[in-house]
Peer 1: 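Got a structure for you, questions after.
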Number of protein chains: 2
Amino acid sequence: MAATDDSSVEVDADEFDRAGSAADRAARPRQRARRQRAIDFGGLDTHVGYAVRRAQVAVFQDFLRSVANTGIRPAQFSILTVIAANPGLKQADVSRALGIERGRLVLVLNELEKRGLARRAASDIDRRSHALHLTPKGERLLAQLNLSIGEHERRMSAKLGPEDKARLMDLLRRLVD
Amino acid sequence: MAATDDSSVEVDADEFDRAGSAADRAARPRQRARRQRAIDFGGLDTHVGYAVRRAQVAVFQDFLRSVANTGIRPAQFSILTVIAANPGLKQADVSRALGIERGRLVLVLNELEKRGLARRAASDIDRRSHALHLTPKGERLLAQLNLSIGEHERRMSAKLGPEDKARLMDLLRRLVD
DNA sequence: TATTGTTATACTCTATAACTATA
DNA sequence: TATAGTTATAGAGTATAACAATA
């Protein structure tokens, strides 16, 4: 169920061991040796998982191009967004909300702190946990990211039209339930 | 843009530094300290990328549970399927069609050969390339996989209904173009 | 006892690049 | 020169498990 963003899924017809019966080949006049032919996906393209994976790869690629100058990856953006919307949130909550493993989140937050975008503060109510905040620099970067990502979202929406985007979001949500 | 399969995205309301103004708190009668409150996704849930990623994770998890007894992963399934549908295909074609890097494909094929599911044969027409085939064991496993994955597909379709599944596939395809 | 953050390991996957043998 | 397959490396991400501090 790997996905591709390369639509040129053709191959040399000659390389197939069974590209059709001898009668088939006689009926369809033989092309040059280098003639390209689309490969058979064997029903893979009717699978929801394959389709949703291909779409995810395509959307993420556009996302990554949109914010390439910032070096921010999708998971980092989602973490910054959730912290900004819920200042003082603790790591365990971010982990649960976004489905990022605790141990993984530690490493990402280390990097965000090193870049001066987020910080861990002491929590008043639970000395085990950290209260997460964006720094002013983190707030500014997030504002800038949201501009670029807004354009990205408009590009994605343009492929669907406004009412079909809403329909897609609803259908995807139903797959998760 | 990380995704979760955990719908319990709630946190202790107490841990927010700014869970609302003092007036707000007075207006909404204060709950017990352990009262849970949903976190604010800060608009993340309106992003196509976030939604499509969450859906992809959810669908793949169901897929993986469906075939857990075989130790087959989505990429392996897609490779087996494409080889079965196009016997004699060469590695570069599989790589292009499925968007798997050449070097990565080498490793996966090594594993499939070691498990006796696929084999590399000499190509008649280009001594650089290999003609890929499933072994009889590979054919049998793929048939069995298709039964399990058929059930998986029906579970996914049941969340959508038949006409909405077709609509979803169309919308996802439009995102890729 | 359970939770929070941390550290570590193994594995999957992507991206990149070099290398060989063929074309 | 370009392509097919191979090998290697670095980085991102998942899955697990152990551990200390704290609840």
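Note that this is a predicted model, so its numbers are computed, not measured. Quick note on labels: first sequence line is chain A, next is B, and so on, each numbered from 1.
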Peer 1: Please report the distance, rounded to the nearest Å, between CG in A:Leu64 and P in D:dG13.
Peer 2: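 For the pair A:Leu64 CG and D:dG13 P, the rounded distance is 9 Å.
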
Peer 1: What's the closest nucleotide to the B:Ala75 side chain, out of D:dA4, C:dC13, C:dT6?
Peer 2: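 Of the candidates, C:dC13 comes closest.
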
Peer 1: Can you tell me which nucleotide in D:dA23, C:dC13, D:dT6 comes closest to the side chain of B:Arg120?
Peer 2: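 Nearest to the side-chain atoms of B:Arg120, counting from C-beta on, is D:dT6.
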
Peer 1: Heavy atom of residues 102-111 of chain B under 4.0 Å from DNA chain C: which residues?
Peer 2: B:Arg102, B:Arg104

Peer 1: For B:Glu153, does its backbone N or O pair with a side-chain atom of B:Ser157 as donor and acceptor, under 3.5 Å?
Peer 2: yes

Peer 1: A:Arg53 has an atom CZ; how far is it from atom C1' of D:dG13, in whole Å?
Peer 2: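 After rounding, the gap between these two atoms is 11 Å.
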
Peer 1: When you measure from the side chain of B:Arg119 to the backbone of B:His133, do you find a donor-acceptor pair of N or O atoms at a distance under 3.5 Å?
Peer 2: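 No, because the side chain of B:Arg119 does not come within donor-acceptor range (under 3.5 Å) of the backbone of B:His133.
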
Peer 1: Starting at atom CD1 of B:Ile100, determine the distance to atom C1' of D:dT6, rounded to an integer number of angstrom.
Peer 2: 16 Å

Peer 1: With the side chain of A:Gln91 defined as its heavy atoms from C-beta on, choose the nearest nucleotide among C:dC13, D:dG5, C:dT6.
Peer 2: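 It is C:dT6.
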
Peer 1: Write down the distance between CZ (A:Arg127) and P (D:dA21), rounded to a whole number of angstrom.
Peer 2: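 Atom CZ in A:Arg127 sits about 12 Å away from atom P in D:dA21.
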
Peer 1: Regarding A:Arg167 and A:Asp170, does a basic nitrogen lie under 4.0 Å from an acidic carboxylate oxygen?
Peer 2: no

Peer 1: As a test of reading the structure: which of C:dT4, D:dA4, C:dT22 is closest to the side chain of A:Lys90, going by heavy atoms?
Peer 2: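 Selected nucleotide: C:dT4.
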
Peer 1: A:Ala92 side chain: which of D:dT14, D:dG5, C:dT4 is closest?
Peer 2: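 Of the candidates, C:dT4 comes closest.
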
Peer 1: Rounded to the nearest angstrom, tell me the gap between atom CD in A:Glu101 and atom P in D:dA12.
Peer 2: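 Distance, rounded to whole Å: 18 Å.
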
Peer 1: When you measure from the side chain of A:Arg128, which nucleotide among D:dT22, D:dA4, C:dC13 comes out closest?
Peer 2: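 From the listed options, D:dT22 comes nearest.
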
Peer 1: Return the value, rounded to whole Å, for the distance between atom CZ of B:Arg119 and atom C1' of D:dG5.
Peer 2: 18 Å

Peer 1: Within this structure, what is the CG-to-C1' distance between B:Leu89 and D:dA4, rounded to whole angstrom?
Peer 2: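 Going from CG in B:Leu89 over to C1' in D:dA4 covers 13 Å.
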
Peer 1: How many Å lie between CZ on B:Arg73 and P on C:dT14, as a whole number?
Peer 2: 11 Å

Peer 1: For B:Phe63 and B:His152, take the angle between the two ring planes, folded into 0 to 90°, and tell me which bin it lands in: parallel under 30, tilted 30 to 60, perpendicular over 60.
Peer 2: perpendicular

Peer 1: For the residue pair B:Phe77 and B:Ile72, what are the closest heavy atoms and their distance?
Peer 2: N-CG2, 3.8 Å

Peer 1: Tell me whether B:Asp40 contacts the main-chain N or O of A:Asn86 through its side chain, where contact means a donor paired with an acceptor under 3.5 Å.
Peer 2: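 Absent.
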
Peer 1: Side chain of B:Glu113, backbone of B:Arg120: donor and acceptor closer than 3.5 Å?
Peer 2: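 Such a contact is found between B:Glu113 side chain and B:Arg120 backbone.
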
